[in-house]
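Position 1 is the first residue of the sequence, and the numbers go up from there. Heavy-atom basis, side chains included; hydrogens, waters and symmetry copies ignored.
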Amino acid sequence: MPRFADERYAEQRQKGFAVLKFEPELETEYRNSYIALNANRLRLAYTVGIVAALSFVLLDLATFQMLPLFSHVVLLSVTIPSLAAPVAATWLNGAGETVQRYTFYCSLVLCVSVVVVVELGRTARPLFPYEALLLVVLYVYLVTGLLFLQATFVGWSVVALFVPIELWWAESRQTLVYEVFYLVVANVIGMIGNYILQYDSRKAFLLQSELWLRAVQDPLTGALNRREFCNRLDIAWAVAQREKVPLGLMLVDLDQFKQVNDSYGHPAGDLALRAVAEALLACALRPLDAVGRYGGDEFIAVWYDVDSKWLEALAKDLPARVAACQLTGAASAIRPCISGGAVRAHPRPGLRPQDAIDLADCKLYQCKRAGGGTIATGVLAPPAAAV
């Protein structure tokens with residue numbers, strides 16, 4: 001376990017990310033969070049794009065009608081849906097990378113459709129303006145929320161499609177050099193802008209994640225701090241009460257912890273604390289499970305929807321798991337020993353999470369008075385619901 005729970009974010013900041021890529025684990029975490037963090041901005045941006053495309057169709061129909069009818073069909077049946085689809089995709093839950101790929105493909109379709117519309121316009125009117133391509137290029141880089149490489153591919157695809165078509169059938173090629181020049185400049189400006197946005201976004205992600213962990217986690221052990229654990233326990237309790245399922249709650253602490261610190265030094269005591277936290281964290285893997293450092297050498301854990309056999313087996317097995325931890329250095333001679341209380345609680349009206357904690361605490365001190373090294377179990381429920 002790292003010295004500090006937020007260490008991996010700090011290390012990534014120190015190493016830098018000039019190529020806009022993190023270590024694999026952090027990269028996956030960033031991409032999964034990217035859409036969620038920017039969902040509202042993307043919805044607004046794509047809605048503006050839809051409004052702009054519709055407004056252009058209405059403007060052309062109401063004024064000079066420079067575009068053939070088929071161009072309007074392309075705008076209405078391809079361009080606008082390619083803008084609407086990412087808006088819908090942002091409402092998907094837990095599919096960050098999938099939504100990102102979906103947005104990339106839709107942006108590519110958007111650019112192809114606009115190139116087609118421009119070229120259809122030029123078949124009817126050779127001097128039909130191409131400026132829509134400049135707007136689309138900048139829109140792709142600065143508004144769509146595409147990652148740098150995705151945006152770069154889409155932006156330069158506009159140039160790669162537009163130039164060969166113009167060379168093939170354009171009546172006048174004198175202005176093509178200037179048009180290509182401005183498209184290239186638009187891509188360069190877009191790449192610079194997108195890079196800055198992506199870099200700032202990644203830096204903010206690292207800083208926010210680091211600060212969030214500092215706010216909710218115990219830096220030594222990686223367990224939640226007491227305040228955050230109590231928040232999680234309240235949530236699990238409310239859900240369990242609604243769903244009518246039991247919770248497992250366990251309170252443990254290290255036996256003779258002061259003697260460990262006095263005999264082997266505080267670094268040895270830190271290793272013993274980590275050993276307890278690691279053993280508990282390894283057993284709390286589901287979304288509503290949580291492990292917290294309750295204070296000093298005390299740890300607390302909650303498990304959602306557990307049966308009595310599982311909780312009793314864990315209470316019997318956990319002290320042996322902790323004692324078997326291999327500590328290093330001066331602490332290698334220590335075999336951490338824990339005592340605890342485990343409660344299978346049935347949340348009901350009139351019961352509070354603190355009632356389960358109080359019962360677990362009573363069970364813990366029963367074990368302490370009996371010599372320690374064990375975890376006692378109990379049940380918390382109204383008499384009519386007791387099991």
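Residue pairs meeting the side-chain hydrogen bond (donor to acceptor under 3.5 Å, both in side chains) criterion with at least one member in residues 68-86, sequence neighbours excluded: D60-H72, T79-S113. Under the salt bridge (Lys or Arg N to Asp or Glu O under 4.0 Å) criterion, the residue pairs touching residues 176-191 are R122-E179, with sequence neighbours excluded.
Both V188 and L134 belong to a single network of hydrophobic side chains, linked directly or stepwise wherever heavy atoms of I, L, V, M, F, W or Y lie under 4.5 Å apart. Both V184 and I189 belong to a common hydrophobic cluster when Ile, Leu, Val, Met, Phe, Trp and Tyr are linked at side-chain heavy-atom distances under 4.5 angstrom. Hydrophobic clustering (ILVMFWY, side-chain heavy atoms < 4.5 Å, transitive): V87 and Y105 are in one cluster. Under the 4.5 Å side-chain heavy-atom criterion for ILVMFWY residues, no single connected hydrophobic cluster contains both L285 and V322. One hydrophobic cluster holds both L149 and V159 under the rule that ILVMFWY side chains link at heavy-atom gaps under 4.5 Å.
Within the 3.5 Å criterion, the main-chain N or O of L61 finds a donor-acceptor partner in the side chain of Q65. In terms of modelled atom types and a separation under 3.5 Å, the side chain of Y304 and the main chain of R286 share no donor-acceptor contact. Within the 3.5 Å criterion, the main-chain N or O of L273 finds no donor-acceptor partner in the side chain of D297.
Side-chain contact between V117 and L67 is present, with heavy atoms from C-beta onward closer than 4.5 Å. Between Q241 and P349 the shortest side-chain heavy-atom distance falls below 4.5 Å. Counting heavy atoms from C-beta outward, L20 and R202 have side chains that approach closer than 4.5 Å. Looking at V185 and F181, their side chains come closer than 4.5 Å, going by heavy atoms from C-beta outward. Annotation: side chain of F299 is not in contact with side chain of M250 (no heavy-atom distance under 4.5 Å). A 4.5 Å side-chain heavy-atom check between E27 and K21 finds at least one atom pair inside the cut-off. Two residues are said to be in side-chain contact when any heavy atoms from C-beta on lie closer than 4.5 Å; L26 and L206 meet this criterion. Put simply, the side chain of L59 does not reach to within 4.5 Å of the side chain of F64, judged on heavy atoms.
From L120, atom CG reaches atom CZ of F70 across 6.5 Å, with rounding to the nearest 0.5 Å. A distance of 5.5 Å separates CD in Q12 from NZ in K15, rounded to the nearest 0.5 Å. One finds the CH2 atom of W156 at 13.5 Å from the SG atom of C111 (value rounded to the nearest 0.5 Å). Between L281 atom CG and T221 atom OG1 the span is 7.0 Å, to the nearest 0.5 Å. Here R101 contributes atom CZ and C106 contributes atom SG; the two are 13.0 Å apart, rounded to the nearest 0.5 Å. To the nearest 0.5 Å, atoms CG (L224) and CG (L213) are separated by 10.0 Å.
The one candidate from Y195, F148, F22 that meets the ring pair (Phe, Tyr, Trp, His ring centres under 6.0 Å) condition with F17 is F22. When each of L247, L380, V379 is checked for a side-chain contact (heavy atoms from CB on, under 4.5 Å) with H346, only V379 meets the rule. When V154, T152, L108 are each tested for a side-chain contact (heavy atoms from CB on, under 4.5 Å) with L146, only one passes: V154.
Closest heavy-atom contact between A53 and L83: CB-CD1, 4.5 Å. Summarising the geometry of R41 relative to L142, their closest heavy-atom pair is NH1-O, 4.3 Å, with the distance given to 0.1 Å. Closest of all the heavy-atom pairs between V114 and A132 is CG1-CB, 4.3 Å. Contact between A356 and W237 at its shortest, heavy atoms only, is CB-CZ3, 4.0 Å. Counting all heavy atoms, side chain and backbone alike, F128 lies closest to V118 at CD2-O, 3.9 Å. The shortest heavy-atom contact between A151 and N194 is CB-ND2, 3.9 Å.
With sequence neighbours left out, the side-chain contact (heavy atoms from CB on, under 4.5 Å) criterion links V143 to A45, Y139. Under the rule for a side-chain contact (heavy atoms from CB on, under 4.5 Å), the partners of L54 that lie at least two apart in sequence or sit in another chain are I50, L76, I80. Here D317 pairs with R321 under the salt bridge (charged side-chain N to carboxylate O under 4.0 Å, His left out) rule; sequence neighbours left out.
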- Task: Please report the C-alpha distance between E210 and R214 in whole Å, then the side-chain angles of each, then the deciding distance to 0.1 Å, and finally whether the salt bridge (charged side-chain N to carboxylate O under 4.0 Å, His left out) criterion is met.
- Result: CA-CA 6 Å; E210 192 176 344; R214 289 183 181 183; 3.0 Å; yes
- Would you check, one step at a time, whether the test side chain to side chain contact (heavy atoms under 4.5 Å, CB included) holds for Y182 with L133? CA-CA 10 Å; Y182 286 119; L133 298 181; over 6 Å; no
- May I have the step-by-step check of salt bridge (charged side-chain N to carboxylate O under 4.0 Å, His left out) for E312 and R344, ending in yes or no? CA-CA 9 Å; E312 289 170 2; R344 187 167 183 252; over 6 Å; no
- List the steps, then state whether salt bridge (charged side-chain N to carboxylate O under 4.0 Å, His left out) holds for K368 with D253. CA-CA 10 Å; K368 287 284 191 183; D253 76 356; 2.9 Å; yes
- Task: Starting from the C-alpha separation in whole Å, work towards a yes-or-no answer on side-chain hydrogen bond (donor to acceptor under 3.5 Å, both in side chains) for Y141 and N187.
- Result: CA-CA 8 Å; Y141 281 109; N187 269 280; 2.8 Å; yes
- Message: Before you tell me yes or no, could you show the steps for L147 and R31 under side chain to side chain contact (heavy atoms under 4.5 Å, CB included), namely the whole-Å CA-CA distance, both residues' side-chain angles and the distance that decides it to 0.1 Å?
- Response: CA-CA 9 Å; L147 299 175; R31 292 192 179 204; 3.6 Å; yes
- Task: Just do the side chain to side chain contact (heavy atoms under 4.5 Å, CB included) check on Q100 and Q150 with the steps written out, would you?
- Result: CA-CA 9 Å; Q100 195 70 51; Q150 293 174 329; 3.3 Å; yes
- Which is it for L176 and F162 under the side chain to side chain contact (heavy atoms under 4.5 Å, CB included) test, yes or no, and what are the steps along the way? CA-CA 10 Å; L176 181 59; F162 176 72; 3.8 Å; yes
- Message: Under the criterion salt bridge (charged side-chain N to carboxylate O under 4.0 Å, His left out), I'd like the reasoning laid out for K203 against D200: C-alpha separation, chi angles, the key distance, then a yes or no.
- Response: CA-CA 5 Å; K203 185 177 180 180; D200 289 345; over 6 Å; no
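The local environment of CD in E25 is sparse, with at most 12 non-hydrogen atoms from other residues, nucleotides or ligands closer than 6.0 Å. A 6.0 Å sphere centred on CZ of R13 holds more than 12 heavy atoms belonging to other residues, nucleotides or ligands.
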For a quick test of your reading: what N or O donor-acceptor pairs under 3.5 Å do the side chains of residues 358-365 make, sequence neighbours left out?
| unit_1 | atom_1 | unit_2 | atom_2 | d |
| --- | --- | --- | --- | --- |
| D358 | OD1 | Q354 | NE2 | 2.8 |

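One side chain, E29 or Y9, offers a donor N or O that lies under 3.5 Å from an acceptor on the other.
Ring geometry for Y30 versus Y34: interplanar angle of 30 to 60°, hence tilted.
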